[in-house]
Amino acid sequence: MIDGRYFPPGSSRAVAASLAGGPGRLALKREDEPQAQAVVLMSVSDPLAGVPRKLTFADGGVFEAPLEADVDGFLNMGGSFFARLTRLEANLGLVAAAAVVTIGLVFAIYRFGIPLLASGAAAITPPPIVAAMDRGTLETVDRVVFSPSELDEGRKQELQAMFDELAGFADDAGPALKLQLRRGGAIGANALALPGGTIVVTDELVALAASDDEIAGVIAHEIGHVRERHSLQQIYRVLGIGFMVGLIGGDASQLVDDVVTQASALQTLVYSREFETHADLYSVALMARAGRDPLAFVDLLDRIVRAAGGSDETGWLATHPGTKDRREAVRKRVKELGEAGETARN
């Protein structure tokens, strides 16, 4: 028997009552009535922590059991899914293990699943879509960050000739390469690659370079980003992160919207260390084919980092590898290419 409260059909007034019997033969005894009445059970509410169970009868009446009542045992429902789930929820060890597994799964999706899907999506994105992204991104950065280049026409022609030379040695697996010169404004000495093959180089970077090989090395690095589809992959990674955060937090939360917005802004401004390393190695091969110094651009990066007050070491949270590590990786790649060339000649 279970003592509780009974709500008659269509009434919000509760009366003390008790429920006796068992499955298929329930009897309800109300405090205000002398005799127990047979009732037909229609539904039982699912067990929730801190919420009384409610039993609804065929006539619309509702019996509310106290929190400590064993409703499942009384009704012989011990094998139901929700009953088993409630017992599992009460096991703190299992809850902790489930939390660890969930966190591990989320991390695996973030670390491996999203990059893999982004790489696949970037590979099959139609060229017209990529071109539209390129135009839209250039229009945005021109409006928000850049201003027209102030280099003289002679210097612009020299840089265009250098760019055309490097583009001629680059592989053709991707969109046509285009050079845009801009005054960098807030971002200063910099260069960036857009999804559709546009590469922007700032006046400040040109002014900071000590040689044309330094500029060529940076351009070759950005060509690497284009040919490896890093910009597209970065966009799809942001979309994947936004979807994952929305899935975990729910799409009605303003906090989720803010997190996704901030993550998108940060992620689209920088590449991962992996992307930067791949672009560095691509630059080495391209500069070698063009007969230029593959190490020169690292000297330029050193000056940019020093001017910004940064370190040449690779920090734990750094988005780019430190110039010290980059120089070592570039030297190693130059040596490998040299040895491969010697082997081919012999």
Side-chain angles (χ1 to χ4, degrees), residues 107-125 129-130 133-134 137-138 141 166-167 170-171 173-175 177 187 189-202 205 216-242 244 262-287 294-295 297-298 300-302 304-305 308 310-334 336:
F107 175 78
I109 293 173
Y110 172 81
R111 181 64 181 84
F112 304 106
I114 290 177
L116 183 62
L117 291 174
S119 178
I124 64 174
T125 302
I129 300 298
V130 178
M133 290 179 176
D134 198 277
T137 305
L138 185 59
V141 293
L166 291 170
D171 57 83
L177 299 169
I187 70 169
N190 217 319
L192 65 150
L194 305 185
T198 298
I199 292 173
V200 182
V201 177
T202 68
L205 184 141
V218 172
I219 291 175
H221 174 93
E222 298 303 328
I223 290 176
H225 281 313
V226 173
R227 287 297 181 252
E228 298 288 341
R229 297 185 175 91
H230 291 162
S231 298
L232 268 181
Q233 291 185 56
Q234 199 73 0
I235 290 170
Y236 287 126
R237 285 187 182 192
V238 170
L239 293 175
I241 293 170
M244 187 172 69
Q262 295 302 321
S264 300
L266 291 173
Q267 288 292 320
T268 51
L269 286 175
V270 295
Y271 293 111
S272 68
R273 293 185 194 176
E274 175 191 8
F275 287 171
E276 290 296 332
T277 299
H278 287 174
D280 283 351
L281 300 183
Y282 186 97
S283 173
V284 170
L286 182 54
M287 290 286 283
L295 283 168
F297 86 100
V298 186
L300 178 56
L301 292 178
D302 279 336
I304 293 174
V305 170
S311 170
D312 64 351
E313 300 288 345
T314 303
W316 280 99
L317 299 178
T319 57
H320 288 46
T323 53
K324 181 178 179 181
D325 291 338
R326 295 176 85 164
R327 185 184 298 279
E328 184 59 33
V330 167
R331 282 177 174 162
K332 181 179 178 181
R333 183 58 174 163
V334 169
E336 291 172 351

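In what follows, residues are counted from 1 in the order of the sequence shown.
- Panel note: side chain S283, backbone G224; no donor-acceptor pair is recorded below 3.5 Å.
- N190 CG to E222 CD: the interatomic distance, rounded to the nearest 0.5 Å, is 7.5 Å.
- Taking both residues in full, the closest heavy atoms of A189 and T202 are given as CA-OG1, 3.6 Å, listed atom of the first, atom of the second, then distance.
- With contacts defined as side-chain heavy-atom distances shorter than 4.5 Å, the pair V218/V201 does not qualify.
- In terms of modelled atom types and a separation under 3.5 Å, the side chain of R227 and the main chain of D171 share a donor-acceptor contact.
- How far CG of L295 is from CG of L300: 13.0 Å, rounded to the nearest 0.5 Å.
- Scanning for side chain to side chain contact (heavy atoms under 4.5 Å, CB included) contacts around L116 gives an empty result, with sequence neighbours left out.
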Checklist entry - Where do I219 and F297 land on the side chain to side chain contact (heavy atoms under 4.5 Å, CB included) test, with the steps shown first? => result CA-CA 9 Å; I219 291 175; F297 86 100; over 6 Å; no
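- A193 and S231 get closest at one heavy-atom pair: O-OG, 2.9 Å.
- Listed for the E276 side chain is no donor-acceptor partner under 3.5 Å among the backbone atoms of R326.
- D280 has its side chain out of reach of V298: every pair of non-hydrogen atoms, C-beta onward, lies at least 4.5 Å apart.
- Of all heavy-atom pairs spanning G197 and V226, the tightest one is CA-CG1, 3.8 Å.
- For the atom pair CG (L232) and CD1 (I124), the distance works out to 11.0 Å, reported to the nearest 0.5 Å.
- Not a single salt bridge (Lys or Arg N to Asp or Glu O under 4.0 Å) links R229 to another residue, sequence neighbours left out.
- The two residues V130 and P195 have their closest heavy-atom pair at CG1-O, 3.2 Å.
- Judged as a side chain to side chain contact (heavy atoms under 4.5 Å, CB included), and not counting sequence neighbours, A329 has no contacts.
- A pairwise comparison of heavy atoms in P294 and V330 identifies O-CG1, 3.8 Å as the closest pair.
- Considering only residues two or more places apart in sequence or on other chains, T137 meets the side-chain hydrogen bond (donor to acceptor under 3.5 Å, both in side chains) condition with none of them.
- A search for side-chain hydrogen bond (donor to acceptor under 3.5 Å, both in side chains) contacts involving D134 returns T198, not counting sequence neighbours.
- Below 30°, between 30° and 60°, or above 60°: for H225 and H230 the angle between ring planes is above 60°, a perpendicular geometry.
- Summarising the geometry of L286 relative to A170, their closest heavy-atom pair is CD1-N, 3.6 Å, with the distance given to 0.1 Å.
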